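In what follows, chains carry the letters A, B, and so on, assigned in the order in which the sequence lines appear, proteins first and then strands, with residues in each chain numbered from 1. In this text, all values refer to a predicted model and were calculated from it rather than measured experimentally.
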Amino acid sequence: MASHEVKDPLNRRYSQRTTLIISAVTTLAMLLIWWAATALGWVKPLFLPSPQTVVQRLGDLIDTGFADATLWQHTLASLFRVFSAFLLAVLTAVPIGILMGIHDFAKGLLDPVIEFYRPLPPLAYLPLIIIWLGIGEVAKVVLIYLAMFAPICLSTRAGVRAVAREKVLAAATLGASRLQIIRHIVLPGALPEILTGMRVGIGFGWTTLVAAEMVAATAGLGFMVLNAKDFLATDVVIAGIFVIGIVAYGFDLIMRGLEHWLVPWKGR
Amino acid sequence: MASHEVKDPLNRRYSQRTTLIISAVTTLAMLLIWWAATALGWVKPLFLPSPQTVVQRLGDLIDTGFADATLWQHTLASLFRVFSAFLLAVLTAVPIGILMGIHDFAKGLLDPVIEFYRPLPPLAYLPLIIIWLGIGEVAKVVLIYLAMFAPICLSTRAGVRAVAREKVLAAATLGASRLQIIRHIVLPGALPEILTGMRVGIGFGWTTLVAAEMVAATAGLGFMVLNAKDFLATDVVIAGIFVIGIVAYGFDLIMRGLEHWLVPWKGR
Amino acid sequence: MSRIELDKVSVVFPASRHTEAVTALDKVDLLLEAETFATVIGRSGCGKTTLLNLLAGFLAPTAGKVALDSQPIHGPGVERGVVFQKNALMPWLNVADNVALGLTFAGMPKQQRQDRVGTCLDWVGLSGFANHRVYELSGGMQQRVGIARALAADPKILLMDEPLGALDALTRESLQELILELWQKAGKLVLFITHSIEEALFLGTRLIVMTPRPGKIHKTYDLSFSKRFLAGESARSLKADPDFIALREEVLEVIHPRGGDHGEP
Amino acid sequence: MSRIELDKVSVVFPASRHTEAVTALDKVDLLLEAETFATVIGRSGCGKTTLLNLLAGFLAPTAGKVALDSQPIHGPGVERGVVFQKNALMPWLNVADNVALGLTFAGMPKQQRQDRVGTCLDWVGLSGFANHRVYELSGGMQQRVGIARALAADPKILLMDEPLGALDALTRESLQELILELWQKAGKLVLFITHSIEEALFLGTRLIVMTPRPGKIHKTYDLSFSKRFLAGESARSLKADPDFIALREEVLEVIHPRGGDHGEP
Amino acid sequence: QTNSPGDEPAAPPPTKKLPKVTIGYQSMINPWKVGIQSGSIAKATGHEIEWRKFNSGAEVITAMASGDVHIAVAGSSPIATAMSREVDVSLFWILEAIRDNEALVARNGSGIQSMADLKGKTIGVPFASTTHYHLLVALEQNQIDTKDVKILNLQPDAILAAWTQESIDAAFVWSPILNRITPTGTVLLTSGAIADTGKPTFDGMIVANAFAKENADFMKQFVKEVARLDGDYRDNTAAWNADSAQVKAIAELTGADPAEIPTIMGQYHFPDPNEQIGEFWLGGGAAQALRDTAAFLKDQKKINTVHEDYGRFIMTDFAASLVDQGEPTP
Ligand SMILES: Nc1ncnc2c1ncn2[C@@H]1O[C@H](COP(=O)(O)OP(=O)(O)OP(=O)(O)O)[C@@H](O)[C@H]1O
Ligand SMILES: Nc1ncnc2c1ncn2[C@@H]1O[C@H](COP(=O)(O)OP(=O)(O)OP(=O)(O)O)[C@@H](O)[C@H]1O
Ligand SMILES: NCCS(=O)(=O)O
Ligand SMILES: [Mg+2]
Ligand SMILES: [Mg+2]
């Protein structure tokens with residue numbers, strides 16, 4: 001049936017199914033190598049515990065937990081921090097981004113601040129945040145919030161600027177007021193980039209999670225991993241990394257789904 | 001002269017000069033507020049040292065240093081780590097990205113690995129890297145390298161995939177061999193995205209610097225800030241943040257210049 | 001009402017790093033009254049869109065005055081509807097909502113809005129496509145949505161930039177007829193840019209022939225073919241009329257003088 | 001040599017989530033010999049580009065056989081030059097390097113390459129633009145670079161997809177003449193897709209009229225206008241020839257039947 | 001050095017140049033710091049030494065596990081953790097018995113008067129360290145559930161910062177940070193008191209087994225110099241006053257105030273070679289203490305396994321070599 005398919009002198013497309021199969025095989029192969037390496041004693045469990053141990057530890061984490069909290073509690077604590085920060089970031093960064101996109105005045109005002117702090121490693125300003133805000137939840141949420149704010153804000157700004165001038169002019173000739181233009185043209189027009197910003201933002205936030213939980217946390221996936229590390233519990237570290245990876249992947253899926261659903265016209 | 005300028009019902013464009021002036025004024029205003037806040041004693045120096053103190057500390061850092069190394073040595077140590085990692089990342093991620101773009105087989109093979117580790121916080125896998133690679137330079141460079149690899153590789157892959165099919169077909173009708181297509185069409189065609197990936201990558205790497213220097217470093221800007229924090233030397237922390245920010249800004253400028261120079265056709 | 005006046009209007013795009021300054025319009029005088037159907041023709045780059053942008057209020061003149069009913073034009077206005085050369089539809093709205101946009105802005109109640117949108121989609125032959133996404137339509141269909149959107153808002157003045165360019169011959173003819181009818185019924189002032197000499201002659205009561213470098217109005221003609229068509233003559237016979245053919249040759253000669261310069265398209 | 005044969009060729013694009021399956025070509029038979037100048041005309045979407053893609057080897061048929069000199073076509077080949085509908089120039093190369101691309105791939109020495117590129121740029125009227133970046137050129141100029149690139153490689157078979165679409169009348173005519181001359185001199189096999197009936201009649205020795213849904217070759221005509229032109233008759237007189245006008249009407253009727261369906265463009 | 005293929009694989013000649021030896025230390029105040037700062041250890045062993053400072057035992061054992069550090073100082077709790085996790089190290093020297101120099105202090109104004117008041121309070125402690133272990137022991141002994149207090153993982157320097165900012169109510173830490181916070185707090189419990197309940201802790205030196213085997217000579221020279229410095233302090237305690245070169249060297253390295261160093265050092269007991277190999281320490285007591293610690297940590301789910309015998313992780317040879325040579329005993 002695929003005989004109509006276009007020939008490519010680079011041969012660079014297999015079917016999506018083939019690629020998926022290759023990926024699945026690769027994943028299995030890696031698990032197998034991991035298993036073999038531990039089962040045959042090539043590496044000590046201290047360096048790389050066996051897959052079975054990690055799975056078993058995952059079970060323990062769910063049942064009895066580690067560092068005075070179950071896996072579920074650690075995950076919830078982290079999710080709570082990231083989502084509070086995300087909510088705050090969306091609520092502030094999107095309006096500010098729109099303002100910066102519309103008004104060069106707002107852009108001039110806020111650009112220096114955002115452009116300066118954006119490339120800073122969160123770990124570098126973490127000491128300041130702790131000195132200013134203490135070691136409680138506020139400091140943690142603020143650190144994650146700051147990591148999210150810049151990408152969401154700058155994406156929103158770029159999205160607003162990218163709304164085609166003709167669209168705005170068209171709306172004006174159709175009698176739209178300034179507010180109507182923002183509501184009916186600028187906001188939906190910038191939505192694809194706002195969502196991209198949110199996706200990048202939540203990724204950044206998640207990446208910052210461990211830094212946030214490095215200081216004075218009593219629960220959280222990052223805290224769990226760091227704590228496990230202190231006791232050389234490599235199995236818990238790896239189990240934690242898996243959970244962190246899976247949650248990150250979940251975020252990405254949700255955000256992609258949201259994009260697909262909210263901006264089906266993206267790229268058209 | 002600007003009378004020909006297009007009217008915009010949103011009024012969203014000032015001249016670039018105006019925006020720059022507003023930005024300059026904002027920056028000055030912030031410095032002034034900072035100065036006032038400290039001079040009038042609104043905040044304790046522990047929380048926010050005065051601008052003068054920070055500038056003076058910067059001078060000290062250059063002359064006598066902090067934590068057994070001058071500012072220059074700290075900066076060099078960090079730059080060395082980031083650039084070694086960058087070089088390694090470019091040398092590996094670009095070819096792999098091209099391969100993944102051309103061959104769905106390579107894509108299927110490597111996608112699971114890269115997609116899994118990409119969203120992980122470097123701090124989460126730092127314990128593993130330390131236990132595997134030790135506390136020397138290698139571990140530090142590898143951590144930064146890993147942070148850079150994914151964006152460069154994925155950008156390259158996307159760039160290769162985005163090279164218009166017609167361009168490849170056109171080259172084929174002009175008698176290009178597979179290698180000629182890669183060399184003359186795919187590589188230059190993907191260059192804009194490769195450079196974008198490199199820009200993002202170097203940003204990621206810099207962000208990861210502090211994490212890399214967290215364990216057993218004896219020099220480096222991240223080490224300096226963390227060390228200063230331990231002694232509540234807020235002035236050194238802030239001075240360090242400024243230096244980190246300025247270097248990051250420098251990277252961005254260089255990469256933008258490179259883009260401008262190497263791919264003037266970008267977006268055409 | 002709806003009287004547009006251009007008084008020694010020039011538009012100069014300043015030089016940029018890569019380009020020299022372009023005099024897109026050079027001291028253009030023009031007077032357009034209600035019930036005029038002005039068609040504009042000229043080579044690519046002669047300033048047709050620039051002229052339209054001035055009237056739409058998207059552009060301010062470098063020199064001279066642009067006035068609507070003796071008031072200077074300061075920006076876009078709801079009384080001047082525009083059909084864009086490159087369609088400016090909103091991809092997040094379906095066809096019906098795109099067409100309804102002006103009515104939504106005006107706060108028209110839903111029922112009334114739907115009726116009006118239905119009529120306009122009928123006009124442009126897209127009745128069955130009300131709920132389609134605009135990006136699912138072909139280029140020609142999108143162009144028709146843009147026309148319907150402008151018509152739905154029922155502006156006094158209609159500015160159209162190559163509105164029928166992407167349409168096949170048949171659809172094109174039926175839309176030409178539609179626009180003529182609407183123009184006649186409502187006494188609108190229409191400015192219609194086209195690349196087709198036949199279309200310009202057939203539709204216009206006033207043909208404006210422009211020449212480039214610098215953009216100028218070379219000549220205007222008063223025409224009556226469209227009136228004859230509306231009075232019942234067939235399009236075929238009109239286009240075979242010796243006057244029509246002679247005029248076509250004349251305009252062609254102005255736009256593409258034989259042995260003239262090989263200037264870039 | 002250079003004999004192209006299509007034997008009951010069908011191309012079906014399978015249904016996707018949003019679209020139904022499209023039969024772009026339905027059991028098409030076609031035989032083209034060297035020294036044929038085939039022009040292809042038909043409504044948008046009738047399968048013209050699909051036909052060209054088959055010959056170029058960009059597409060494999062769903063059913064039937066496509067053969068070049070009795071060998072099945074398996075992919076693109078240097079003997080079949082293509083001028084793309086949407087130009088496929090390399091923005092990172094200047095005009096001369098774009099034109100030289102095929103010569104570079106073949107490993108032609110620099111001096112020789114430059115000479116050949118100079119000639120080709122001359123042909124398309126772009127001598128002064130050798131060092132320009134392609135994105136600095138207008139659409140029409142880019143199209144001409146694409147033509148020069150294909151010509152420079154001097155393929156036996158030349159497949160052109162609306163190559164003169166974006167050109168103004170004058171430039172268009174001179175390029176029509178150029179292509180005719182090259183075709184005559186080198187005895188090439190040319191397949192030329194166009195939307196202009198006049199152009200199709202004027203250039204072709206073989207006119208292929210296609211109709212859509214499913215894409216089919218409706219009729220082919222053997223023509224001699226181009227030969228008469230090359231023999232010295234003027235283009236104007238040829239286009240005024242009653243045969244020419246009668247054929248034009250006939251083809252027009254086939255493509256856009258009066259009272260026929262209102263199908264989307 | 002060239003080896004023809006036919007050569008017997010010979011043991012490396014003693015003259016072979018060692019790679020740089022990496023030794024990790026912590027901020028505790030003890031006499032051998034003088035040997036780091038003055039270079040006398042490098043001189044005595046005849047090797048270039050790279051000194052690495054670690055914040056606490058958790059960092060030390062990770063670094064040891066990675067193989068990048070040959071010798072390091074850690075408390076009994078992180079040592080027990082490392083051994084239980086099969087890190088290939090051995091304890092070869094008891095640096096100091098921990099008594100009053102590690103203590104749980106409540107910050108003035110935190111409202112904590114007694115152990116029972118800790119409920120609902122925030123306590124800073126470096127995780128996996130001896131003080132973490134003792135904090136858990138003390139909570140258990142006082143029947144306080146770990147979930148009823150907020151235990152924060154803070155490195156000693158961070159404890160001082162958090163203390164200054166009043167973001168923690170109590171801390172369990174060692175000197176010199178301990179001495180910085182006691183003036184504004186109340187000592188609730190010292191490690192000495194917990195040790196007396198049968199849960200002693202100590203700071204010791206561990207070495208990577210492979211390294212120790214291949215460099216026995218270096219090890220002997222190394223312990224000899226450490227023992228010499230300890231002995232010098234024991235014999236001439238009065239001379240190690242705030243103005244002495246030794247105390248200045250320690251201050252330089254640890255960031256402690258020279259004035260307080262003599263007092264702090266006075267709180268420690270530094271065992272001599274005979275004590276080292278005796279029943280109480282390397283000869284048996286240390287293994288028992290490590291096992292007890294490991295068992296407790298396993299109860300607390302910090303580690304998974306407890307070995308039957310921790311004696312196999314203890315190397316007495318180097319300490320013993322000093323005794324054989326007739327090192328003077330007090
Ligand atoms: N924003 C701009 N900046 C600089 N030059 C411009 C700008 N817009 C138009 N021009 C130039 O002004 C001239 C007139 O342009 P205009 O768009 O009015 O031409 P046109 O007659 O509409 O052409 P077409 O038939 O191709 O649409 C052209 O030479 C064009 O290059
Ligand atoms: N890759 C594709 N996937 C699905 N359908 C396609 C694809 N390419 C072409 N088609 C469909 O096949 C039919 C023929 O397309 P083709 O491009 O050959 O038309 P054409 O005659 O060249 O039209 P035009 O004159 O507009 O270039 C059209 O209905 C088109 O929608
Ligand atoms: N005695 C404190 C040092 S350690 O237990 O952290 O190694
Ligand atoms: Mg125009
Ligand atoms: Mg086509």
Side-chain angles (χ1 to χ4, degrees), chain A residues 90 94-95 97-98 101-105 152 155-199 255-268, chain C residues 49 52-53 55-59 73-95 97-108 113 120 132-137 139 142 145-161:
Chain A
V90 171
V94 172
I98 289 179
I102 289 174
H103 260 310
D104 275 0
F105 189 81
I152 299 180
S155 261
T156 304
R157 191 187 84 187
V160 170
R161 301 240 154 193
V163 172
R165 224 180 75 84
E166 288 99 52
K167 290 202 173 74
V168 173
L169 292 175
T173 65
L174 292 168
S177 68
R178 233 180 109 77
L179 264 177
Q180 280 175 327
I181 290 178
I182 294 177
R183 154 88 186 71
H184 289 278
I185 312 297
V186 171
L187 202 59
L191 194 56
E193 296 219 33
I194 294 177
L195 286 173
T196 306
M198 280 164 59
R199 182 147 68 84
M255 291 307 300
R256 275 173 208 273
L258 219 59
E259 264 182 16
H260 199 77
W261 177 56
L262 285 176
V263 291
W265 70 87
K266 191 180 173 180
R268 311 280 197 133
Chain C
T49 299
L52 183 141
N53 283 342
L55 304 189
F58 300 162
L59 201 63
I73 289 177
H74 277 312
V78 71
E79 73 289 344
R80 280 161 288 141
V82 177
V83 177
F84 290 78
Q85 183 167 11
K86 196 177 139 257
N87 79 77
L89 302 177
M90 314 304 163
W92 50 89
L93 299 179
N94 64 21
V95 169
D97 290 341
N98 263 287
V99 174
L101 213 48
L103 314 176
T104 312
F105 292 148
M108 185 187 277
R113 216 161 63 201
C120 293
H132 278 236
R133 292 280 175 166
V134 288
Y135 51 82
E136 290 171 355
L137 306 183
Q142 293 184 5
V145 176
I147 295 170
R149 181 177 69 180
L151 296 180
D154 195 24
K156 272 258 135 49
I157 299 172
L158 203 48
L159 308 170
M160 309 172 97
D161 200 348

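- In this structure, C:Gln142 contributes its side chain and C:Leu137 its backbone to a donor-acceptor pair below 3.5 Å.
- Residue A:Ile185 touches chain C through both its backbone and its side chain, counting heavy-atom pairs closer than 4.5 Å.
- Here the side chains of C:Leu93 and C:Val134 are not in contact, with every heavy-atom distance at 4.5 Å or above.
- With a 4.5 Å cut-off on side-chain heavy atoms, C:Arg149 and C:Met90 count as touching.
- In this structure, A:Gln180 contributes its side chain and C:Phe105 its backbone to a donor-acceptor pair below 3.5 Å.
- Residue contact with chain A, scored on non-hydrogen atoms closer than 4.5 Å, involves the backbone of C:Arg80 exclusively.
- In terms of heavy-atom pairs under 4.5 angstrom with chain A, the leader among C:Gly77, C:Ala153, C:Gly81 is C:Gly77.
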